[in-house]
Structure formats: C-alpha cells, structure tokens
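Here the structure is laid out as structure tokens; the discussion comes afterwards.
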Amino acid sequence: MKKILLLLCMLIPAMAGMTQVAPKYLFRPGDKPVLHPQRGISDITPGQQLPNGTVNTRSVMEDPVLGMTLYDLQTNASTQNRIYLFPDGTIGATFIMAHTADYADRGTGYNYFDGTAWDPQPVTRIEAVKTGWPSYARYGTDGEIVASHRFATFPMRILTRATKGTGAWTETTLDMPAGAAGIDWPRMVTNGPDHMNIHIIALTPPTASGGNVYQGLDGAIVYNRSLDGGITWDGWQILDGMTSTDYLGFSADSYAWADPRGDTLCFVVGNNWYDQFIMKSTDNGSTWTKTIIWPSPFNFWAGGDTTGTFNCPDGSSAVALDKNGKAHVLFGFMRANGDEGGNKYWYPWTDGLIYWNEDKPELPQELDPVWLEENGYIVGWVQDTNVWYAQSTQLAYYYMSMSSMPQIATDQEGNVLALWTGVTMLTDPDSYLLRHIFTRTSYDGGDTWAEEIPDITGDFLYTWTECAFPSLSPTSDAFWHLEFQGDDYAGAFVQTPTQGQGSTTDNSIIYLKSYKYPIGMEEKGDRNRNMVVLNGNYPNPAADRTTINLTLTRTATLRIEILSLLGQPVRTIDLGNLSAGSHPVVVDLSGLSRGIYQYSIVAGDDRATGKLIKE
C-alpha cells in the first residue's frame with residue numbers, strides 16, 4: 001500500500017495542470033529558434049557512445065513487448081503503417097530493429113499475434129541484408145507484405161508470404177527510378193478483393209542525404225503501382241502537382257498513406273517549407289487530384305533573404321479515409337524561420353495538433369493559433385500546463401511540435417480516433433520531459449470531438465517511460481490497436497545532435513489496445529443507449545473489495561469485466577439478470593495485483609466503464 005500511495009503522491013503534482021479545456025498556450029514567448037537538420041537520417045553509426053548504466057531496464061513487462069531495439073529512430077517525421085489487425089483477430093506488427101551497437105544487423109523486426117498470444121520477440125531481421133523503414137500491409141487472401149529501404153544507392157526490398165505469421169518470406173527488389181541516386185523511406189498500401197494491388201510512395205534521396213537532384217527536385221516523392229502482387233510494376237512517376245514546377249523538393253518521411261477504401265487511395269504530404277496537401281485517386285491510382293490544406297509561401301525559398309518567423313505544419317502527418325472515402329488529416333503545428341544563407345530553423349516550444357477534413361476549406365496561409373483554436377482546428381495540445389514553466393534545457397528534440405507524431409483511424413460506425421504523443425511533466429533520469437500517448441475521439445465523423453483526452457499510457461507501468469513513434473492499425477474491433485516505442489530516456493539518440501538522449505539504450509516496441517469508448521462515455525447510437533448508468537465505486541483505492549454503484553434503465557443481464565489499462569482481461573464476474581433501478585454491487589478484488597484497472601459493466605451491446613485502484 002505504501003508503494004501505491006507513494007506513486008500516487010508523486011503523480012499528483014504532475015497531473016495538477018491536466019485539463020480538457022481549450023489550450024492555454026500554443027507557443028512560449030521568448031522561445032529561441034534552433035537549426036533544423038537538413039538531411040533525413042537512416043544509415044548512421046553511433047561511434048563510441050556507451051550504454052547508460054543508470055537505465056532501469058525491464059526484462060519482464062506485464063504487457064506485450066513485441067521486440068527490443070537499440071536503433072531508436074523509428075521515423076524522421078510521419079510514422080509508417082506498421083501494424084495491422086486482420087479480420088480474423090490476428091495481428092501482424094513490424095518495427096526497425098537492431099541489436100548491435102553499430103546497427104549492422106538493422107532490419108525489420110516482425111511479430112505476430114495468433115488470436116491468443118504473441119510470438120517470442122524476434123532476434124533477427126526478416127531481410128537478408130541491412131534495411132530500415134518497414135511499411136506493412138495485407139497481401140493476397142491470407143498473407144502479408146513488407147516494403148523497406150536499404151538506403152544509399154541500393155534498391156528497395158519487397159518481402160511477401162502467402163500465409164501471415166508463418167513460412168518463409170520471399171524477398172525481391174524494386175529498383176530506383178532511372179537517374180535517381182536511390183529510393184528511400186517507403187510507404188506502401190494494398191487493396192483489391194485479394195489485396196494484390198500494391199501502391200508505394202518513396203523519396204529519391206536529396207543532396208543533403210548523399211543523393212542528387214532528380215527531375216529538378218532535391219528529393220522527389222515518386223509513386224509506383226503493381227496490379228499483380230509485385231510481379232510487374234507500372235514504373236516510378238512524379239504525380240502532377242508534385243513536380244519541379246511546384247516545389248524545390250521534399251524531405252524524408254514527410255508523407256503518409258491512408259488505408260484504401262475500395263479503389264479510393266489517398267496520401268498526405270506536408271512540412272515547414274512546402275504546402276500541406278493530400279493526393280487522392282478514385283480509380284485505383286490511374287489519375288490523381290491534389291487538394292491543398294495549407295498553402296506555403298516558401299515552396300521555392302532557398303535563402304537570399306530572411307523569411308521572418310511564420311507558423312506552419314511540423315512535417316509529421318497522418319491521414320485516414322472514412323467509410324464514404326472522405327479524407328481526415330492530422331498534423332502538428334510549428335513555427336519556423338529562415339536566414340539569408342538558406343538555413344532553416346524551428347521553435348521547440350511550439351504546441352498544437354491540427355485536424356482537417358475534406359469538408360473544410362483550405363486553411364489561411366497565416367496560421368493564426370487563436371483563429372485555429374476558435375474555429376475548432378486544434379484537437380490536441382499539451383495537457384499539463386506546468387510544462388510551459390519547465391526549463392528550456394528539459395525538452396528533448398524530435399524537431400516536431402510538442403503534440404505530434406499523429407495517427408488517425410476511422411471505422412464503419414463513424415468514429416474518428418486522433419492519437420498523438422504529447423510532452424508531460426514526468427521526467428527521465430537526465431531531467432528531460434517525457435512524452436506520453438494521448439487520444440481524442442469524434443463520434444460523428446469529425447464534426448465534433450469528445451471533451452475527454454485520456455493518456456492511454458497513463459498506467460503506472462509507463463509513469464517514467466518515453467512513449468514515442470506510435471503506429472495505429474487502420475482496422476479495429478471493440479478496440480483500437482497500436483504499437484509504440486518505449487524508452488527510459490526522452491528523445492532519440494540517433495537523431496540527437498544537440499539536446500536529448502545521449503547514449504545507446506534498449507528500447508521496447510510495445511503493443512497496446514484501447515477501448516473505442518473512453519471512460520465515462522457511453523456507446524454511440526440508439527441501440528441500448530443509456531441502459532447502464534455508472535455512479536462510480538467506493539472505496540477507491542480499495543484493498544480486498546469495492547462497491548460499484550450502477551443504475552439500470554430496464555431489466556438486463558449484466559456482467560463485470562475487469563481489465564488492465566492496456567485492455568488485457570483479468571477477471572469476469574456474471575451478475576445475472578437485474579431489474580431496473582439502482583444496484584450496489586460488491587466486487588471481490590482478492591488475487592489481483594496492485595495497480596490501476598479498468599472495469600466495464602456490460603449489458604448486451606451497452607457498456608459503461610470506470611477505473612479502480614487495487615492497493
């Protein structure tokens with residue numbers, strides 16, 4: 001009990017500034033600009049950095065750890081599609097994995113959930129050669145496919161197998177466009193009745209990453225398609241609206257796919273220094289339409305004069321198509337400026353997650369934060385206002401907004417989930433502020449958003465964990481399914497030239513699932529609506545038993561499901577048939593480990609959910 005109370009006491013100050021009201025700030029006055037790296041990182045050697053001996057590593061965790069990696073940069077900006085819930089309840093998941101300090105063994109780490117348990121953590125990559133940046137999707141009637149890059153002048157790697165979770169991978173290569181120095185940082189999706197249509201976007205490496213100018217673009221986003229499972233390809237092309245007449249070039253990982261809806265495809269692109277926009281096709285990639293979300297004034301800026309400080313996207317974006325094919329987009333809010341020499345700067349203490357969909361107009365070029373908030377475009381922000389009073393040296397750099405690394409998903413019921421990482425007042429051993437993962441849900445297709453913004457990594461298990469680089473399955477059931485990278489230290493060592501993690505450490509790739517309907521929210525729709533009304537439980541915290549007070553609007557058969565905060569079932573209690581009215585229900589907690597649990601009162605399709613703490 002003392003340990004639980006101590007943890008609660010330690011958390012109270014950090015949670016004191018939590019709020020679900022409008023954001024108090026979106027940037028800190030006096031924030032100093034920081035030079036932004038101009039190259040996309042992929043192949044890097046950490047030198048003589050040694051593991052930090054003060055790390056409190058966990059060899060055994062209470063939730064599924066899909067694998068471990070020393071290479072801790074899962075993306076330069078937008079996170080790839082790396083996890084997928086299949087219709088039969090199985091799940092495939094991938095990540096960038098390396099177990100040697102020089103990253104020579106880097107490649108795709110893969111794990112599989114067979115409906116009951118995850119496989120053992122992988123120790124070797126699935127590719128035959130060193131790779132990175134895996135993008136994962138369905139393939140065929142029951143298979144899976146991974147696209148990854150080898151970086152530099154090497155072709156892309158494509159791995160397939162006919163049966164997910166088992167069997168040998170078939171590995172092939174996909175050459176770069178003729179005249180390009182390479183083909184890197186891929187994004188891939190599949191569609192069609194048997195998922196044999198493969199669609200890939202990738203970047204020709206810009207000069208800052210050792211590449212060359214390709215067709216007038218210093219970093220060109222190119223598209224390729226196969227309609228026969230990868231046997232033949234149409235060939236790389238630069239889509240209209242993304243050519244050298246539109247831009248100087250693009251940067252690594254500043255783009256992301258939506259999961260296709262039939263023949264409708266969509267991907268998003270955006271950065272500090274060029275337009276935020278979507279490209280959409282309704283004919284399976286034959287033709288494309290460009291829609292600008294935010295028009296940049298600096299698409300062709302390369303120095304010569306100063307830009308002044310301006311507001312812009314942060315380069316980390318996500319997009320999803322709903323059941324009607326409408327695109328929903330998330331991206332971080334940032335401030336930037338450029339000097340006469342062409343150097344580009346960003347402002348670390350900038351916050352805000354912007355939501356846009358195709359029913360909304362093009363955003364004004366001047367992204368005024370007050371206007372964005374008043375007009376409902378800001379859906380995510382730092383939840384603890386004490387963050388704004390932290391020391392400037394405490395913010396670990398990812399070169400993104402303080403609310404960023406977004407993911408977004410939709411379902412057939414009209415739910416839209418926004419998910420992101422946000423800076424908290426929790427700190428690592430070096431006093432850097434840790435990020436946790438927050439969510440917000442719209443139950444009406446993005447028209448309005450729930451007030452609740454839960455920290456889904458708020459379990460004690462993650463109190464002192466950096467939760468970064470989430471990847472969300474585009475498919476769902478009663479839960480949203482995701483993976484993320486957990487670390488004892490804030491920031492990514494691979495990407496930290498100035499501020500953040502200073503040594504190579506083990507990182508856990510963790511699987512998490514979250515209820516679609518957050519605590520306190522009833523299930524959407526008229527079906528059994530308001531059948532169960534939850535009035536809390538007492539005592540809470542509790543030692544051996546707690547009493548849950550509930551009200552039924554009509555007679556129903558009930559059960560109580562107790563789960564960990566990660567959605568793992570730990571106990572089910574059948575209550576039988578109860579009449580309409582108020583009922584105090586005593587729940588025996590003996591045998592449960594100390595910690596925080598979710599509980600749900602379930603009546604048919606209706607579900608009311610609360611939290612309890614076992615001392």
Side-chain angles (χ1 to χ4, degrees), residues 14-15 17-28 31 75 77-79 256 268 270-272 276 294 311-319 328-336 346-356 363 367-370 372-373 376-390 394-409 416-426 432-442 449-458 462 466-472 482 484-485 490-492 500:
M15 296 173 65
M18 290 291 185
T19 178
Q20 274 74 49
V21 298
K24 185 175 181 181
Y25 310 103
L26 286 182
F27 57 84
R28 185 159 79 173
D31 183 23
T75 182
S78 304
T79 305
V268 63
N271 183 270
N272 310 164
Q276 183 86 27
W294 172 74
N311 300 330
C312 55
D314 75 343
S316 186
S317 309
V319 60
H328 301 255
V329 176
L330 290 175
F331 57 94
F333 173 75
M334 181 47 61
R335 294 190 300 152
W346 71 298
Y347 287 77
W349 292 89
T350 309
D351 185 36
L353 187 71
I354 297 175
Y355 167 76
W356 177 92
L363 293 173
L367 284 179
D368 176 62
V370 175
L372 288 169
E373 193 277 318
Y377 287 98
I378 302 293
V379 297
W381 57 88
V382 166
Q383 293 296 288
D384 191 335
T385 55
N386 290 318
V387 166
W388 294 103
Y389 305 102
Q394 288 187 269
L395 186 63
Y397 291 170
Y398 287 102
Y399 305 95
M400 303 177 191
S401 171
M402 295 167 68
S403 295
S404 193
M405 305 183 191
Q407 294 284 278
I408 191 167
V416 183
L417 179 74
L419 180 149
W420 68 94
T421 67
V423 176
T424 74
M425 276 302 292
L426 302 168
Y432 286 113
L433 303 176
L434 296 168
R435 286 180 179 250
H436 274 201
I437 299 175
F438 297 87
T439 63
R440 196 174 185 190
T441 304
S442 170
W449 292 82
E451 292 185 3
E452 290 76 11
I453 303 180
D455 175 357
I456 63 170
T457 49
Y462 302 118
E466 174 82 335
C467 304
F469 306 121
S471 182
L472 178 67
L482 66 141
F484 68 93
Q485 181 175 286

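Keep in mind that what you see is a predicted model, and the values were worked out from it rather than measured.
- Residues satisfying the side chain to side chain donor-acceptor pair (under 3.5 Å) test with Tyr377, not counting sequence neighbours, are none.
- For Trp449, the ring-ring contact (aromatic ring centres under 6.0 Å, His included) partners are Tyr355, not counting sequence neighbours.
- Of all non-hydrogen atoms in Ser316 and Pro406, the two that sit nearest each other are OG-CD, 3.2 Å.
- Considering only residues two or more places apart in sequence or on other chains, Thr421 meets the side chain to side chain donor-acceptor pair (under 3.5 Å) condition with Arg435.
- Looking at every heavy atom in both residues, Phe333 comes nearest to Leu367 through CE1-O, 3.6 Å.
- Considering only residues two or more places apart in sequence or on other chains, Phe469 meets the ring-ring contact (aromatic ring centres under 6.0 Å, His included) condition with Tyr398.
- Contacts of Trp388 classified as ring-ring contact (aromatic ring centres under 6.0 Å, His included), with partners at least two apart in sequence or in another chain: Tyr25.
- If you take CG on Leu353 and CG on Leu330, they are separated by 5.0 Å, rounding to the nearest 0.5 Å.
- Contact annotation: the side chain of Leu372 never approaches that of Leu26 to less than 4.5 Å [non-hydrogen atoms, C-beta and beyond].
- Residues Arg440 and Trp420 have side chains in contact (heavy-atom distance under 4.5 Å, counting atoms from C-beta outward).
- Pairing each heavy atom of Trp349 with each of Ala390, the nearest pair is CH2-CB, 4.0 Å.
- When the ring-ring contact (aromatic ring centres under 6.0 Å, His included) test is applied to Phe484, the partners found at least two apart in sequence or on another chain are Tyr462.
- Rounded to the nearest 0.5 Å, atoms SG (Cys312) and OH (Tyr347) are 10.5 Å apart.
- Distance CD/Gln383 to CD1/Ile453: 4.0 Å, rounded to 0.5 Å.
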